[in-house]
Each structure stands twice: as C-alpha cells, then as structure tokens.
Amino acid sequence: MGKEEGKVNEENRARWGSHLEFLLAGVGLAVGTGNVWRFPYLAQKNGGGAFLVPYCIMLAVEGVPLFFMELALGQRFQQGSIKIWSRIRPYLKGIGFAQVVVSFSMTVYYPIVMTWCMYYFYLSFSNPLPWVESECDTTREDFECCKSDPAKHFYYVSALQVTSSISENGGFVNGVVICWVISWVLTYACLFKGPESLGKAAYFTATFPYVVLFCLFCRGVSLKGAGKGIAVLFTPDFSVLYDPNVWMDAAGQIFYSLGTGFGALICFASYNPIKNNCLKDSLFISCVNCSTSVFAGIVVYAVLGFREETTGIKVADVEGGPGLAFIAYTTAVAEMPLPQLWAAAFFFMMVTLALNSEFGTVEACVTPLRDFKIFAKMPRELLCLVVCCVMFLVGLPMCCRNGLYVFNLWDNYSVTIPLLCVGLMECIGVMWIYGMPRFLKDIEYMTGSVPHRYWQICWKWVSPLLLIIVLLSSMIKKMIIPETYEAFVGCEEHPAHEGIPGTENWNRKIPFTWWAQFFAALMVIAPVMWIPIYIVWKRNAEIVPIPYLQGMIDQGMVVEEKPFNLGYQVTKMKQQVTSRMGRSTGQNGRSYVVENKEARSPNSNQPENNV
C-alpha cells in the first residue's frame, strides 16, 4: 500500500489509504439491503435450510470465480472498465460501456430504497409510532382497513401515498423528495474525493450495520416466538432441490448480491497496488457477504416469529422486497418494548447498507469517465457532482405517488438480463480472447502463485455455462409470464380508489401499459446494445499489444501469444480464405512489449517488440 493516504502512483492514480479501506469498501458494495429482505424471503420460499445447498454451490462455482476475475482485472490494468476492455481488444470496448450503463441504471433507482428507509428513520422518533393501530384516523372511510393492518395502511396510504396505477402520477410526496435530496448529498459527500473519502466513509458505513444487526439479534432471539420464526426459515425441505427454479433463484441471488458485472469491483481493485493477493480478498468479501445474508435472515425471522406470537400473522405470510422491511418488520417492532429505539436502529442500518452499495455503483460510472482525456482534466469533484446531479434528476420521478410502480419497473428490467450478458462476455473476453495463459501469468505475478486448476475450469467452462442457463431461463420466463405489477387497490370493505374493487391482500396484478413495456425493453437494450455495436464496428480494428510488466519479464513470465482477431476469424469463415497476421517475435519466439519502460534495468537485454 502507499505510505500516504490518497497517494497516487506514477500514472497519477489514486490509492486506498490502507488495505483495510479496500476490504471495507468491497464488503459495503456486496452487502446491501437485499441481504436483509431478499435472501431470507428466498430461503423461506425455496425449502428453508435446503436452499443453502444450491446457494453455497452457486457461490463456489459462479459467485467467487467471477468476483476473483473482476478483482484481478482491475488490479492488473489499473484502469476503469471501459479502458480495460478496450486494451484487451478494441471490439470488446462495448463490455465496458455496458457495465457503465447498467451501473447508471442501478444507481438511478436504488437510492429510492435508501430514501424510503431514511423517511421511516425520521418517522421512528414519533411517539407513538405512526403505523400503530391507535394512529388510524377514525374519520377516514377506510378506518376499518387501517385497523386490520395499520403498518400496511400507513405504508401505502400515508408514507408513499400510492396511486391506483403506474399511469397516474399523483404529484410528488414531499417527505420522500426531501429524503431523496439528503440521500444524494450524502452520496456525493462520501465520493467526491474518490478512494480517499470513500475509504474513510467505509470505516463507519461498512461496520455500523453489523453493530446494529448484532443488537437486533440479541433482542430478537430473546423475544417470545423467535424460535418458531427461525425454524420456518431453516427447516429443510429437500424435495425442492428437484425444482430447477430453486437453483435459478440461488444463482440469481449470488450473482446480483456480490455486485459482479457492474464494473464497481474493477474500479475498486484498480486503486490497489499491482502486488496484492486478490484471491484472498475475493474469498474474504464473498464469505462475509453470504454469512451476512444468513445472519440477517436469523434476525428478521426471529422478529417475524414474535409477530406471529403477538398478532397471529403467520411467519410464512410475508413477501420479499420492501414489504418485508416496511410492513412485516414494522408490525413486529410496534409490539416490542421501546419500539422507537428498535425501529430507528433498523432503518438507520438499512440506510447505511443502501449507502454502501450506492458508493460502488456511482464509482463504477465516475472512474471509467476519468480514464478519458476529455474528463481527465476536469476536477474529480466537479465530474462527480455532474454525475450525481444527472442521476438525481433521472430518478426524481420515483418520488412521485406512483414511484413504487416505477421502482418495480426499474428493478425488474434494468439490471437482470444486462448483468447476465455482461458476466458471460467477461468470461469469454478474458478466457478465450485475452487468453487463459496470459491471465494466469498476470495473477501469478500479482499474488505469487498460479491460480488452482479449479478456478481455471470455472472461468472457462462452468461459470459461462451457468450464466447461459440462467440468462436463457430468465428470458424465457419474461416472455412466457405476462408483464404485470402489483397495484395497490385497498381492502375489500373500503377500496382505496374509486371504481376499483379491493382485494384480500390489498393488491391486484395488472398488466404494464404499452409505454411501460416499451421503456422496460429500452432499459434491457440500452446496456446490452453496446456489445454487438462495438463487435461490428471495431471487428477489423488494429490490435495494440498489451505490454508485459517489467517485473513479469524479469521473472520470465512471458507466454507465447496467439492473438485472437475477430474480424479475421469472421472473414475466414465467410470467404474460406487464409491469411496470416504479421507480427514481430522476440527471443524464443515470444511476442510481447514492455510496460513501464523507465523502470527497466539498464543491464536488461530483453527485446521490446510489437505484436
């Protein structure tokens, strides 16, 4: 590590103040709100403890290998995602653009989760809490609905003031808008100095959630009925392992929760020195992430067991996503002693979790831009401000009364398929085009040892195959199942909207409008389209050789390369002609150039040739 905080290398690239800052930032990126409200729901839905079997398998063969690959790429090239893929091959530059666009999409809608949590954190200091039965307004027509489920009524009617459909805007919700502004101010304040400010913020934002989780755990397991809730979460039903959907859920949860594919891991690793054991980092962060999911599941379901004991609502009667945090958990907290304390602690923890993940995705947009000359001269503080302001404005419509529906639209379509495409292309680009032998030598130089055969098999065969299966199943599922969303309609006795009948669970599935479906398709196409565009556009572009580090040459870590030229291969298949790519060779027939020329030993007689 650099001796000084914020120290830059010869190329004026910022550094983490310490290795601990990198680890905390990595943990903060991987561990988010999904660990608290998505994993527990998936586990309970997919066989309880049996779900841990496919979950751990997918972690081992898909999650950790891809995590390791991205850290190694960023550390080796010391650049953002766009520049890295452009250096590997010009026609792979589209992967970098795809990562930036998908990170942009994620960063636009994800802060609304932090905004809602921040709003609830503010409301948690009310006495009594606003989502308890005593706060139901007796003058309202839907008083009986509020009395039957005050937490759900408050969430839809008072907090978010949800409209009847995505087409009905309803105007801004003032409290949500204020928290939206605060959330972006916090994001900018922690990011404007890059790894220097981000690393310092991570000391708090990455560790505080665990303090709160531990306190909630101690309180939760001491509540009456906690054991019943935990039993529901972990009681195994091994028959579900024959259901392919369970394996798809496990693969999807691992892929998305670790943060692979966004380019954020590449950016974070690029601030590390070349000599760093990225394998140990990937194992540590991945294990912390998955352990947090299990631990958070115990905390949440212990509280839900208490809710069943006091209200009669079954533990299994819970939905994943925001409903678990803002309806199920708040109902249980309202029955605890000192409810304001536990509500405030929970939602402040959720704010810090969301803030951590937000750091990484914003950085995944800013860092690649900094690698371009047009932005390199712009002060980082100004560039970061511009990026944050653009994202703030694009995501502002989610602060309207139909914002919950807009959030669901972004959440369902903007990230899922694009991330799978990016992950698949990463494996192909590194293993088949950059070349496994070269990549293995890079890692050997950085870590001091050659990656085990296990990683090589996963990178080249297992992970791509799994990504193809999950991608195809996701696309088929979206094509077969009608595109609908859960619209709030109110209870059966007193519907929330005139002319629309209520339901037992207060929601009704309705199809997305034509413009919403068009926008969903656009969100899928926008990131992915850059990959084929650059493949076609740059297929015959000149391949600039990737230089070897001087230290690698000194240690004899040079492999004979056989450059993969996409344009050449396509031409060969179409016209059945043969041509040889001219290249210069060094001693022993090796082809390479030297990086860091000024660092070469004066006595070195290694040749310096171009491919």
Side-chain angles (χ1 to χ4, degrees), residues 34 37-47 51 54-55 58 62 102 105-106 109-110 113 162-168 237 239-257 261 316-324 327 398 402-424 465-489 500-529:
W37 68 31
R38 179 164 172 78
F39 171 81
Y41 166 72
L42 286 178
Q44 179 261 321
K45 167 191 168 186
N46 292 313
F51 182 70
Y55 183 75
M58 292 301 175
E62 178 194 27
V102 77
S105 298
M106 177 75 171
Y109 83 86
Y110 191 74
V113 177
V162 179
T163 58
S164 60
S165 71
I166 194 172
S167 300
E168 184 182 353
D237 177 11
S239 63
V240 301
L241 297 182
Y242 297 101
D243 183 357
N245 290 323
V246 175
W247 292 84
M248 294 301 101
D249 282 346
Q253 175 64 12
I254 284 293
F255 189 77
Y256 306 129
S257 67
D317 295 340
V318 62
E319 297 180 358
L324 192 152
I327 299 176
M398 277 177 273
N402 66 342
L404 178 63
Y405 307 138
V406 178
F407 165 79
N408 288 329
L409 183 68
W410 280 84
D411 189 39
N412 290 336
Y413 298 100
S414 66
V415 171
T416 309
I417 292 178
L419 268 187
L420 292 170
C421 293
V422 168
L424 177 60
L465 180 61
L466 283 174
L467 288 170
I468 291 173
I469 293 173
V470 176
L471 175 62
L472 292 177
S473 65
S474 299
M475 295 177 66
I476 293 172
K477 187 176 180 180
K478 289 188 181 296
M479 288 187 291
I480 293 177
I481 300 177
E483 306 298 336
T484 62
Y485 65 99
E486 295 274 351
F488 171 67
V489 295
I500 304 177
T503 62
E504 184 179 356
N505 68 348
W506 300 21
N507 292 314
R508 183 186 299 275
K509 285 188 176 183
I510 61 175
F512 276 114
T513 58
W514 69 267
W515 63 265
Q517 294 188 42
F518 174 79
F519 187 64
L522 190 63
M523 286 191 291
V524 174
I525 295 172
V528 177
M529 70 177 185

How about [X] and [Y]: do any of their side-chain heavy atoms sit closer than 4.5 Å?
X: Tyr405; Y: Phe512; result: no
X: Val113; Y: Trp37; result: yes
X: Asp237; Y: Val240; result: yes
X: Phe407; Y: Asn402; result: no
X: Arg38; Y: Ser257; result: no
X: Tyr485; Y: Leu409; result: no
X: Ser164; Y: Val489; result: no

Here the salt bridge (charged side-chain N to carboxylate O under 4.0 Å, His left out) pairs for residues 408-424, sequence neighbours left out, are none
Taking only residues at least two apart or on different chains, which pairs with a member in residues 509-525 satisfy salt bridge (charged side-chain N to carboxylate O under 4.0 Å, His left out)? none
With sequence neighbours excluded, what pairs up with [X] under the side chain to side chain contact (heavy atoms under 4.5 Å, CB included) test?
X: Ser414; result: Ser105, Tyr109, Trp410, Met523
X: Pro527; result: Val101, Val102, Pro418
X: Asn245; result: Asp243

If you measure from CZ on Phe51 to CD on Gln44, what distance do you get to the nearest 0.5 Å? 11.5 Å
Going from CE on Met58 to CD1 on Ile254, what distance comes out if it is rounded to the nearest 0.5 angstrom? 9.5 Å
Qualifying residues under side-chain hydrogen bond (donor to acceptor under 3.5 Å, both in side chains), relative to [X], sequence neighbours excluded:
X: Asn408; value: none
X: Thr513; value: Trp515
X: Thr416; value: none
X: Thr503; value: Asn505

Would you say the ring centroid of Tyr55 lies under 6.0 angstrom from that of Phe39? yes
Looking only at heavy atoms, which two atoms of [X] and [Y] are closest? And how far apart?
X: Ala516; Y: Ile166; answer: CB-CD1, 4.4 Å
X: Trp247; Y: Leu241; answer: NE1-O, 2.8 Å
X: Val422; Y: Gly261; answer: CG1-O, 3.4 Å

Show, in sequence, the C-alpha distance, side-chain angles and deciding distance for Asp249 and Lys45, and conclude whether the side-chain contact (heavy atoms from CB on, under 4.5 Å) test is met. CA-CA 10 Å; Asp249 282 346; Lys45 167 191 168 186; 3.7 Å; yes
Residues Asn46, Tyr41; criterion side-chain contact (heavy atoms from CB on, under 4.5 Å); working and verdict: CA-CA 9 Å; Asn46 292 313; Tyr41 166 72; over 6 Å; no
According to ring-ring contact (aromatic ring centres under 6.0 Å, His included), who are the partners of Phe255, at least two apart in sequence or on a separate chain? none
Residues that Tyr110 engages under ring-ring contact (aromatic ring centres under 6.0 Å, His included), provided they are two or more places apart: none
Atom pairs and distances, donor-acceptor, side-chain atoms in residues 465-478, under 3.5 Å, two or more places apart:
| residue | atom | partner | partner atom | Å |
| --- | --- | --- | --- | --- |
| Ser473 | OG | Ile469 | O | 3.1 |
| Ser473 | OG | Val470 | O | 2.9 |
| Ser474 | OG | Val470 | O | 2.8 |
| Lys478 | NZ | Asn412 | O | 3.2 |

